[in-house]
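A quick note: this is a predicted structure, and the numbers were derived from the prediction, not measured.
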Amino acid sequence: LSVEAIGTDDPAIDAEIVQLYDTLLRRLGIASYRLELNSIGCRGCRPAYIAALTAWLGEHAHELDDEAKQKLATSPLRVFDVKSERTRALLEGAPKIGDSLCDACREHFAAVRADLDATGVAYELVPTLVRGLDYYSRTTWEFIGPMDNENSTISGGGRYDYLVEEIGGPPTPGVGFGAGIERLLIAMEEEGVADAEAPSAEVFIAVEPDAPRELVPPLLKDLRDAGIAADTDYAGRSLKGQLTQAGRSGAGTTVIVRAEDALIRRQGAQDEPVAHTDVLGRLSP
């Protein structure tokens with residue numbers, strides 16, 4: 001799942017997109033999550049911070065593990081993504097980007113936080129939450145779910161004001177997030193949230209072996225166009241298997257397409273044989 005808002009640098013849209021996913025989690029019944037929030041500055045203030053961070057890392061190079069050294073060589077900001085608990089503890093003493101923000105970035109971040117506060121979205125300031133790619137700027141965030149493993153981050157987002165420009169377009173601000181559907185489902189399982197009830201079909205179309213199956217696709221379309229939820233078998237089941245599937249679908253009406261006509265079977269009523277061409281008229285409201 002991806003949500004993007006392109007064309008504005010208003011901090012209010014940062015907060016609104018964060019609030020959107022927060023609302024989604026709450027409506028799904030997920031309660032055990034936290035929102036981590038930070039600002040990584042802009043092209044004006046970030047270079048000075050990277051210089052300070054690089055200098056600090058150089059002084060502590062003998063204490064860094066191999067992963068941190070590799071990240072330092074390519075993108076110093078990404079050292080905060082290391083997995084080693086020992087190295088992460090060491091990095092608690094590193095310079096924090098929040099201390100290097102320019103006035104404009106500080107004001108932007110304050111406005112984002114004010115809007116989140118006003119809408120009741122709880123968050124935790126995490127000064128080590130960064131993005132290693134150069135096109136990111138200012139607001140970054142992650143939603144951490146109830147899973148205590150590598151799937152704990154269920155959504156991550158941020159502002160990317162320099163992306164369009166880097167791929168050849170005009171300067172265009174943007175902000176958005178990516179969210180894993182599978183991780184969201186795992187979070188629901190961890191919370192013990194019951195799966196949403198699948199929508200049931202109103203009409204199920206079964207087909208006898210010698211019946212003209214080519215009648216089914218246009219009939220399905222016509223039923224759906226009329227606002228009737230309709231389904232059929234795509235697994236090559238026998239007629240008995242199709243009728244079993246019709247029962248599982250929850251459909252109140254089953255249409256059995258036969259060689260010469262069709263049979264409309266409604267719960268609590270007698271089977272009604274009709275011509276193929278009359279099926280839609282008998283089912284439409």
Start with the C-alpha gap between E260 and R258, add the side-chain angles, then the distance that decides, and say whether salt bridge (charged side-chain N to carboxylate O under 4.0 Å, His left out) holds. CA-CA 6 Å; E260 302 297 332; R258 306 188 292 193; over 6 Å; no
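In this structure, the separation between CG on L243 and CZ on R248 is 12.0 Å, given to the nearest 0.5 Å. Once rounded to the nearest 0.5 Å, the distance linking CD of Q242 with CZ of F204 reads 6.5 Å. Taken to the nearest 0.5 Å, the CG atom of L184 stands 6.0 Å off from the CD1 atom of I154. To the nearest 0.5 Å, atom CG of residue L24 and atom CZ of residue R27 are 8.5 Å apart.
Contact annotation: the side chain of L219 never approaches that of H276 to less than 4.5 Å [non-hydrogen atoms, C-beta and beyond]. The shortest distance between side-chain heavy atoms of L283 and R266 falls below 4.5 Å. Residues V126 and W141 fail the side-chain proximity criterion, which asks for heavy atoms closer than 4.5 Å. Inter-residue side-chain proximity for R26 and V121 is flagged as unmet; no heavy-atom pair is nearer than 4.5 Å. Counting heavy atoms from C-beta outward, M188 and I30 have side chains that approach closer than 4.5 Å. Looking at heavy atoms from C-beta onward, T244 lies out of side-chain contact with R237 at the 4.5 angstrom threshold. You'll find the side chain of D231 stays beyond 4.5 Å of the side chain of S249, heavy atoms only. Contact check for L116 versus V112: side-chain heavy atoms found under the 4.5 Å cut-off.
Minimum interatomic distance between R46 and G41 (heavy atoms only, all atoms of both residues): NH1-O, 3.4 Å. The two atoms that bring L239 and E208 nearest to each other are CD2-CG, 3.9 Å, heavy atoms only. Contact detail for S39 and I97: the closest heavy-atom pair is O-CG2, 3.2 Å. Of all the heavy atoms in A94 and K96, the pair that sits closest is O-NZ, 2.8 Å. Of all non-hydrogen atoms in C102 and C42, the two that sit nearest each other are SG-SG, 3.9 Å.
Within 6.0 Å of atom CZ in R86, more than 12 heavy atoms from other residues, nucleotides or ligands are found, so the atom counts as buried in its surroundings. At most 12 heavy atoms of other shown residues, nucleotides or ligands fall within 6.0 angstrom of atom CD in E16.
Geometrically, R113 engages F109 in a cation-pi contact defined by less than 6.0 Å to the ring centre and at most 45° from the axis.
The residue from D103, D10, D14 that alone fulfils the side chain to side chain donor-acceptor pair (under 3.5 Å) condition with H108 is D14.
Ring geometry, Y33 versus F143: the interplanar angle falls from 30° to 60°, so the pair is classed tilted.
In the model, Y160 has a side-chain atom that pairs as donor or acceptor with a side-chain atom of E4 under 3.5 Å.
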